[in-house]
Chemist: 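Dropping a structure here in structure tokens format, bear with me for questions.
All residue numbers refer to positions in the sequence shown, counting from 1.
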Amino acid sequence: MIPFSLILGVGFLLFFVFVLGDKCWLTIPLCLPMSGSINILPIHFSPFELSILLVLGYVFIQFIMTDRRSFSFGPPSIWIPLLIIATILLYHWGRGGGIGLTMFGGEASGGRRFFTILVGMLALPAILWFPQLEERWLRSIPLLYFIGTVADFFPWLISTLAPGFAPTLYRFYTTVNLDAYAISSGFYETTVTRFGPLGFVGLGLQIALISFYPAKLWIRPNYWFVPVLSLLCLVGVVFSGFRSYLFNYGMVSVLALFFSIRWSSLLLLPMGAMAVTILCLGQGSAFNLPLSIQRTLSPLPGNWSHVALEAAESSNDFRDAVQRIYREEYFEKSGFFGDGFKYDQRFMWDRALSFSERWQLRGGDEQARGFIEVRDHHVGWVAVHHPIGSIGLLAFVALCLNSLLYVFRSVWRVPKGMLSPAQVWASALIVQIIISFFAVFGAMHHFIPQLCVLLGTAIVSYRQTLEIRSEAPAKTSPPSTLTPKPAWSS
């Protein structure tokens with residue numbers, strides 16, 4: 001009997017070829033926020049990974065059968081650092097025998113991250129291979145991204161409202177609220193409950209709002225719902241319990257507004273700052289916020305609960321321990337080319353069996369050392385240096401700096417207020433994920449695929465804009481006095 005997963009995969013590929021056609025690469029930004037694993041597949045790909053693989057399959061079929069268009073890898077300043085990183089990763093992936101995938105046997109684990117990063121890199125030339133799309137399809141990208149965040153949010157929401165469904169949902173998809181299930185089942189108790197996916201939906205909606213609605217519309221009575229939705233996004237982000245989401249919300253908002261209307265964006269920043277200030281000043285005097293909100297706002301001055309402060313401080317202590325132990329015990333061993341992602345899978349079994357003992361008796365250093373061993377570093381520069389060493393770290397920094405230069409140069413080539421939604425979306429997210437990687441949380445197998453997709457989208461969109469402007473006949477006209485419209489209506 002033919003496996004169901006094989007039938008499903010062939011069906012999706014045929015759907016890409018005969019229905020979506022050259023628009024199929026838009027499924028990648030749609031699935032970009034969907035990072036959970038699909039557990040009904042033999043190999044538990046995420047929707048994001050699966051979308052890239054299907055697009056690569058489409059490109060391969062089209063290239064072999066009909067269309068021999070040449071491939072582009074973008075500016076050399078971007079693909080050369082990527083090539084250096086890929087070379088180091090391939091060296092480690094093949095070094096020492098075995099590929100680090102437990103499904104193929106062997107004693108090594110960690111190979112999945114090699115696969116995720118390298119497939120994510122291929123998304124860049126795959127996106128650039130496609131012919132130009134109509135502008136209306138490119139404008140839909142921020143909306144597709146938001147739809148992806150909502151789709152990823154629903155399993156978590158259902159398992160939060162009805163924790164008993166969590167095990168059933170988990171058989172199909174991993175983005176469920178296992179904490180709610182564990183608490184309801186009496187497995188453990190917690191004083192600070194966090195709602196990460198809620199903050200992610202808030203981020204997705206916020207970047208979509210700024211991308212589609214020019215800032216001048218936010219103060220017009222007819223568009224009253226836009227600042228209201230933005231405020232609800234802020235509430236969701238704050239309620240998530242993650243300080244990183246509040247940081248990312250602020251970064252994305254400032255960057256997207258700045259790219260769309262330049263320095264005039266500074267006039268809108270007091271709106272969000274005032275809302276946060278009210279929460280900080282009112283806590284403990286006029287009202288008591290939920291502990292998850294207090295944990296998110298704990299870096300700011302305020303009368304916060306000691307429980308929320310302790311929860312936030314424990315996270316800081318863990319990251320400090322990871323950096324200190326890595327410098328003392330692992331830095332020199334990683335050398336010029338790092339130590340790869342592979343590790344002995346028996347370590348994970350020992351770690352799982354003695355987790356309670358390690359947590360309760362051996363303190364934070366042992367916990368941090370265990371996370372380093374399985375390449376779950378949480379700290380940006382450590383997450384790069386450990387697997388690919390000093391040479392790889394230099395290439396990675398060059399990739400980030402060159403990506404930032406490309407974004408700002410491209411933005412400045414487009415007249416003020418003329419950026420398309422896709423350009424605002426991609427540019428703001430590129431800068432945000434780079435800064436957040438080093439300042440907040442870093443994991444290469446998350447970062448590089450996201451960066452390659454965002455860069456591919458930005459390159460396609462800016463290239464199309466510049467070609468249209470170069471082909472348009474030069475003419476002079478008086479300044480426009482038309483009322484601004486939402487970008488989606490253009």
Chemist: Within the structure provided, determine whether W425 and T457 are in side-chain contact (heavy-atom separation under 4.5 Å).
Modeler: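 W425 reaches T457 side chain to side chain.
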Chemist: Below 4.0 angstrom, N of the basic side chain to O of the carboxylate: do E332 and R327 qualify?
Modeler: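 A salt bridge is absent here (no side-chain N lies under 4.0 Å from a carboxylate O).
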Chemist: Measure across G120 and C452 and return the closest heavy-atom pair with its distance rounded to 0.1 Å.
Modeler: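 The answer is O-CB, 3.3 Å.
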Chemist: Determine whether more than 12 heavy atoms belonging to other residues, nucleotides or ligands lie under 6.0 Å from atom CZ of F225.
Modeler: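 Correct, the count exceeds 12.
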Chemist: Side chain of D152, backbone of G148: donor and acceptor closer than 3.5 Å?
Modeler: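 A pair under 3.5 Å: no.
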Chemist: Do I434 and S403 touch side chain to side chain, with heavy atoms closer than 4.5 Å?
Modeler: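 A side-chain contact under 4.5 Å exists here.
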Chemist: Strictly distance-based, threshold 3.5 Å: is any side-chain N or O of T174 a donor or acceptor partner for the main-chain N or O of S37?
Modeler: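 Yes; judged by distance alone, with no hydrogens or angles, the pair exists.
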Chemist: Please check: side-chain N/O of S230 versus main-chain N/O of V226, any donor-acceptor pairing under 3.5 Å?
Modeler: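 It does not hold such a pair.
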Chemist: Rounded to the nearest 0.5 Å, how far apart are CG of L122 and CD1 of I117?
Modeler: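 Going from CG on L122 over to CD1 on I117, the span is 12.5 Å.
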Chemist: For E373 and Y330, test the side chains for any donor-to-acceptor distance below 3.5 angstrom and give the result as yes or no.
Modeler: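 Yes, a side-chain donor-acceptor pair sits under 3.5 Å.
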Chemist: Within the side chain of Y406, is there an N or O that forms a donor-acceptor pair under 3.5 Å with the backbone of L455?
Modeler: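 No, the answer is negative, given that no donor and acceptor are paired below the 3.5 Å cut-off.
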Chemist: Give me the ring orientation class for F371 and H378: parallel if the planes are under 30° apart, tilted from 30 to 60°, perpendicular past 60°.
Modeler: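 If you compare the ring of F371 with that of H378, the planes turn out perpendicular.
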Chemist: Distance-only, no hydrogens or angles: does the H92 side chain make a donor-acceptor pair with backbone N or O of F337 under 3.5 Å?
Modeler: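 The answer is yes, because a donor-acceptor pair under 3.5 Å joins these two groups.
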Chemist: Suppose we call two aromatic rings close when their centres sit under 6.0 Å apart. Are F114 and Y91 close by that rule?
Modeler: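 Aromatic pair excluded; centres sit 6.0 Å or further apart.
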Chemist: Write down the atom of V237, the atom of L203, and the distance for their closest heavy-atom approach.
Modeler: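 Heavy atoms only, the tightest pair is CG2-N, 4.2 Å.
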Chemist: Has the side chain of R375 got a donor or acceptor atom that lies under 3.5 Å from a matching backbone atom of G340?
Modeler: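 The answer is yes, because a donor-acceptor pair under 3.5 Å joins these two groups.
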Chemist: Within the distance-only criterion (no hydrogens, no angle test), does the side chain of T27 pair as donor or acceptor with the backbone N or O of C24 below 3.5 angstrom?
Modeler: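 Indeed, once roles are kept as given, a pair shorter than 3.5 Å links the two residues.
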Chemist: Is the F259 ring parallel, tilted or perpendicular to the F408 ring (thresholds 30°, 60°)?
Modeler: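 F259 and F408: perpendicular rings.
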Chemist: Should the ring pair W129 and Y58 be called parallel, tilted or perpendicular, given that the plane angle runs from 0 to 90° and is split at 30 and 60?
Modeler: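 Because their plane-to-plane angle is over 60°, the rings of W129 and Y58 count as perpendicular.
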Chemist: F200 vs Y245 aromatic rings, parallel, tilted or perpendicular, using cut-offs 30° and 60°?
Modeler: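 Judged by the thresholds at 30° and 60°, the geometry between F200 and Y245 is tilted.
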Chemist: Please tell me whether N248 and S436 have a donor and an acceptor in their side chains that are separated by less than 3.5 angstrom.
Modeler: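 Yes - a donor-acceptor pair under 3.5 Å links their side chains.
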Chemist: Donor-acceptor pair, S46 side chain versus S35 backbone, under 3.5 Å?
Modeler: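 Not confirmed, S46 side chain does not pair with S35 backbone.
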Chemist: Got M444 and R113 here, is their nearest side-chain heavy-atom distance under 4.5 Å?
Modeler: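 The answer is no; the side chains never approach within 4.5 Å.
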Chemist: Can you confirm whether or not the ring centre of F447 sits under 6.0 Å from the ring centre of F396?
Modeler: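 Distance test on ring centres: under 6.0 Å, yes.
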Chemist: Would you say S427 and L255 make side-chain contact, with heavy atoms under 4.5 Å?
Modeler: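 S427 vs L255: side chains apart.
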Chemist: Within the structure provided, determine whether I388 and F336 are in side-chain contact (heavy-atom separation under 4.5 Å).
Modeler: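 Side chain of I388 against side chain of F336, heavy atoms only: no contact under 4.5 Å found.
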Chemist: Heavy atoms, side chains only, cut-off 4.5 Å: are F247 and I435 in contact?
Modeler: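 Contact flag for F247/I435 side chains = yes.
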Chemist: Determine, stepwise, if the pair F258 / W412 fulfils ring pair (Phe, Tyr, Trp, His ring centres under 6.0 Å).
Modeler: CA-CA 11 Å; F258 178 74; W412 248 254; 5.8 Å; yes
Chemist: Short question: side chain of Q206, backbone of V252 - any donor-acceptor pair under 3.5 Å?
Modeler: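 No, the answer is negative, given that no donor and acceptor are paired below the 3.5 Å cut-off.
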Chemist: State, yes or no, whether a side-chain contact exists between I85 and M121 at a heavy-atom distance under 4.5 Å.
Modeler: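 The answer is yes, as the side chains (C-beta and beyond) meet within the 4.5 Å cut-off.
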Chemist: In Å, rounded to the nearest 0.5 Å, how long is the span from OG1 of T465 to CD of Q423?
Modeler: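 Reported value, rounded in 0.5 Å steps: 4.0 Å.
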Chemist: When you compare the side chain of N402 with that of P81, does any pair of heavy atoms fall below 4.5 Å?
Modeler: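 When only atoms from C-beta onward are counted, N402 and P81 do touch, with a gap below 4.5 Å.
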Chemist: Cut-off 3.5 Å, side chains only: do H385 and Y326 have a donor facing an acceptor?
Modeler: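 Short answer, yes.
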Chemist: Using 0.5 Å steps for rounding, measure from the CG atom of L144 to the CH2 atom of W137.
Modeler: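 Result: 8.5 Å between the selected atoms.
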Chemist: Ignoring hydrogens and angles, tell me if any N or O in the side chain of S51 forms a donor-acceptor pair with the backbone of F48 under 3.5 Å.
Modeler: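 Judged by distance alone, yes, a pair lies under 3.5 Å.
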